[in-house]
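Letters A, B, ... are given to chains in the order of the sequence lines, protein chains preceding strands, and every chain is numbered from 1. When reading the values below, keep in mind they use all heavy atoms of this one structure, side chains included, and skip hydrogens, waters and symmetry mates.
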Protein chains: 2
Amino acid sequence: MGRSPQSSSQTPDQGAARRPSRARGIPEATVARLPLYLRALTALSERSVPTVSSEELAAAAGVNSAKLRKDFSYLGSYGTRGVGYDVEYLVYQISRELGLTQDWPVVIVGIGNLGHALANYGGFASRGFRVAALLDADPNVVGTSAAGLPVRHMDELESIVESQHVSIGVITTPPGAAQQVCDRLVEAGVTSILNFAPTVLTVPDGVDVRKVDLSIELQILAFHEQRKAGEEPDHTESVLDRAPGPVRAAAAKLRRAAGGSGKARAAEAAAKDQAEQAKGKTAKGGEGDLSAVMPA
Amino acid sequence: MGRSPQSSSQTPDQGAARRPSRARGIPEATVARLPLYLRALTALSERSVPTVSSEELAAAAGVNSAKLRKDFSYLGSYGTRGVGYDVEYLVYQISRELGLTQDWPVVIVGIGNLGHALANYGGFASRGFRVAALLDADPNVVGTSAAGLPVRHMDELESIVESQHVSIGVITTPPGAAQQVCDRLVEAGVTSILNFAPTVLTVPDGVDVRKVDLSIELQILAFHEQRKAGEEPDHTESVLDRAPGPVRAAAAKLRRAAGGSGKARAAEAAAKDQAEQAKGKTAKGGEGDLSAVMPA
DNA sequence: TAGATTGTTAATCGATTAACAATC
DNA sequence: TAGATTGTTAATCGATTAACAATC
């Protein structure tokens, strides 16, 4: 059976490449928005709002109303022209489409801070997800409890997955343990994995992996923040980086001929940046400290 | 100043609609992948691998190699034909592009389980992010410590943001407090927000919000899991939902004329599904339990 | 030089959006 | 009927990918 690496980033279209691209013709981008609509509708439902227009609901969900109507059109014709959508009815239809009218037992593997946080997360239970078990490999953690559930030993993984028909696993282990845990989950029969460890998991065909990466989101924010801070277009850029092809090629050759290691080259580039910073070309308190990103 | 709702889902193109769509011509989808490449490169760097081809690096990052080369082409020509990319040099260039060669002080607001987990998260410190302060409104939490840092009271927010030049805030409060916390952060000068609360935040122009939603990812997995389980295309679908237009319209009219509340309609639809399940049309242990998704 | 691999082109695919006919 | 709002069309935009010329 072929093993395929999980699909990349979580921000673009996770997993779109792996599976037949759509299930029953619903675009992946639409599927990813259904939970947003559902949340907005649930809030309206709690306020006993009977109907809502695409315009109102789109505003509540933070999307364009044309997009929302297009999204709903993939599900069917659940609105009434001139009136809008019936809140309760739409809550039900979306829930059903997402599979939330079923009960989904999940196991959480790795009960550190994040595992604890997830075990306690209200958004799971309220949407059909039930924590079937908390698992950890550390004997000091096994036997403690979280969210009212005992933490059990990894050895029980297979029997729990089988007896409780668990098809979804959540990995909150340290990165080094993630692939191994993933393999055991898959072997035991789990076919959907939510991975919080910063590790690219390899799984057989037919297994879905989604990844939540806490630091990636922060890095994307930093990228944009950097752009806001200094508005000079080339503020951290070396002149050579934008030079015409031949010049760049010559420079590359020089760097290479210098026989310097990549580290030397990187350090050199950093030094250049710092020199430019000293000349006041860089924005906002930047210190050019590479120690954090350049392993020694 | 105009206030715009944050951009919707985290899965498609977060925030692409709000800002001028690209900063210095780098597509949003590419920016979102840079952290993945960076992680893969860092791992190679730690193993002292000097160079890597686009094919190898793409495999490590879990993406298509053509996509990787295209992504890198937006940054400049950092490779060598016939050879590949110098690992260290590329680590530096991507770090710089993402703004990770700067020091980014962040505040974390809401020190529950998730706040704790984030405070301890290694992936932050190692990428230029520094936790400037942990904040909470609960007097019982204030004064405790997490990850070696004291939890301080919300009242100190403004002075901390100002004195430490904090431009990034992380919200890990309960949903009800998120908008209020967000407003205070923005007022104090924060211009990038990472929101873990399941709340659509409204912010002024010029402020970026990214959202990490733990339950949305699980819901997307459930959608696909449902499709795997029962492969009959229409397994949870009422006959009417796929009927030709006129029939659907008539049915809608009937539902409406029945004067039933949306709840009644939803319950009716659910009953229909359960009847179908009884006939064996539904997959995999589904119990059709609506209590979790249908607020009373 | 011969083999390898990048950087770029161009075709394709999917997602977004405004506009409006259909219809409540 | 008149006003409102959906569902759909079609244009546009952005992202992906295979293929290959450039070039190390």
Side-chain angles (χ1 to χ4, degrees), chain A residues 7-9 11-18 20-22 25-33 51-58 63-86 89-90 244-246 248-257, chain B residues 7-9 11-18 20-22 25-33 51-58 63-86 89-90 244-246 248-257:
Chain A
S7 89
S8 57
S9 155
T11 306
D13 55 316
Q14 263 200 345
R18 202 166 353 107
S21 117
R22 302 163 169 202
I26 301 182
E28 205 57 35
T30 296
V31 172
R33 281 188 293 266
T51 60
V52 66
S53 71
S54 63
E55 202 66 55
E56 294 164 330
L57 183 54
V63 304
N64 174 304
S65 72
K67 194 192 281 182
L68 177 143
R69 289 197 299 277
K70 187 101 172 103
D71 283 342
F72 285 0
S73 77
Y74 293 111
L75 309 185
S77 293
Y78 295 147
T80 306
R81 288 170 208 242
V83 177
Y85 299 91
D86 182 294
Y89 189 60
L90 203 47
R248 273 211 312 274
K253 194 175 287 177
L254 271 174
R255 281 194 306 255
R256 197 151 280 282
Chain B
S7 90
S8 56
S9 155
T11 306
D13 56 315
Q14 264 200 346
R18 203 165 353 106
S21 117
R22 301 160 169 205
I26 301 182
E28 205 56 35
T30 295
V31 172
R33 280 188 294 266
T51 59
V52 66
S53 71
S54 62
E55 202 66 56
E56 294 164 329
L57 184 55
V63 304
N64 174 304
S65 72
K67 193 191 282 184
L68 177 143
R69 289 197 299 279
K70 186 102 173 101
D71 283 342
F72 285 0
S73 76
Y74 292 112
L75 308 185
S77 293
Y78 295 147
T80 305
R81 288 169 208 243
V83 178
Y85 299 91
D86 182 293
Y89 188 61
L90 203 46
R248 273 213 312 274
K253 193 176 287 178
L254 272 174
R255 282 197 304 255
R256 198 152 279 282

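Minimum interatomic distance between A:T51 and A:D86 (heavy atoms only, all atoms of both residues): CG2-CA, 4.2 Å. The two residues B:S54 and B:S65 come nearest to each other via the heavy atoms O-CB, 3.8 Å. Looking at every heavy atom in both residues, B:V52 comes nearest to B:L57 through CG2-N, 3.7 Å. Residues A:K70 and A:S73 approach most closely at O-OG, 2.6 Å, considering heavy atoms.
Here the side chain of B:T80 is nearest to one of C:dG7, D:dC24, D:dT17, namely D:dC24. For A:S77, the side-chain atoms get nearest to D:dG7 when compared with the rest of D:dA10, D:dG7, D:dT17. Listed candidates were D:dT23, D:dA15, D:dT16. Nearest to the side chain of B:R81 is D:dT23. Checked against C:dT8, D:dT8, C:dA15, the side chain of A:E28 finds its nearest nucleotide in C:dA15. Comparing C:dT17, D:dT6, D:dA19 against the side chain of A:Y85 picks out D:dT6 as the nearest. Nearest nucleotide to the A:A66 side chain, out of D:dA15, D:dA18, C:dT17: C:dT17. For B:S54, taking side-chain heavy atoms from C-beta onward, the closest of the listed nucleotides C:dT17, C:dT6, D:dT8 is C:dT6. When each of C:dA15, C:dT6, D:dT17 is scored by its nearest atom to the side-chain atoms of A:A29, the top-ranked nucleotide is C:dA15.
Side-chain N/O atoms of A:N64 include none lying less than 4.0 angstrom from OP1 or OP2 on C:dA15. The phosphate of D:dA22 has neither OP1 nor OP2 within less than 4.0 Å of any side-chain N or O from B:R69.
Protein atom CG of B:L68 is 14 Å distant from nucleotide atom P of D:dA18, rounded to whole Å. We find that CD of A:E55 is positioned 15 Å from C1' of D:dG7, with the value rounded to whole Å. One can place CG of A:D86 at 15 Å from C1' of D:dT5, the figure rounded to the nearest angstrom. The separation between B:D71 atom CG and D:dT16 atom P is 7 Å, rounded to whole Å. Between A:Y74 atom OH and D:dT9 atom C1' the separation is 12 Å, expressed in whole Å. For the pair A:E56 CD and D:dT6 P, the interatomic distance rounds to 9 Å; values are reported in whole Å. The CG atom of A:L57 sits 9 Å away from the P atom of D:dT6 (whole-angstrom rounding). For the pair A:Y89 OH and D:dT6 C1', the interatomic distance rounds to 15 Å; values are reported in whole Å.
In this structure C:dA19 sits in a base pair with D:dT8, meeting the Watson-Crick or G-U test at under 3.5 Å. As the counterpart of D:dC13, C:dG14 is assigned, both hydrogen-bonding distances of the Watson-Crick or G-U wobble pattern falling under 3.5 Å. Base pairing of D:dC24 is made with C:dG3, judged by Watson-Crick or G-U wobble geometry with both donor-acceptor distances under 3.5 Å.
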Hey, mind stepping through B:R69 and B:Y85 against side chain to side chain contact (heavy atoms under 4.5 Å, CB included) and telling me if it holds? CA-CA 10 Å; B:R69 289 197 299 279; B:Y85 299 91; 3.9 Å; yes
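Aromatic ring centres of A:Y78 and A:Y89 lie closer together than 6.0 Å.
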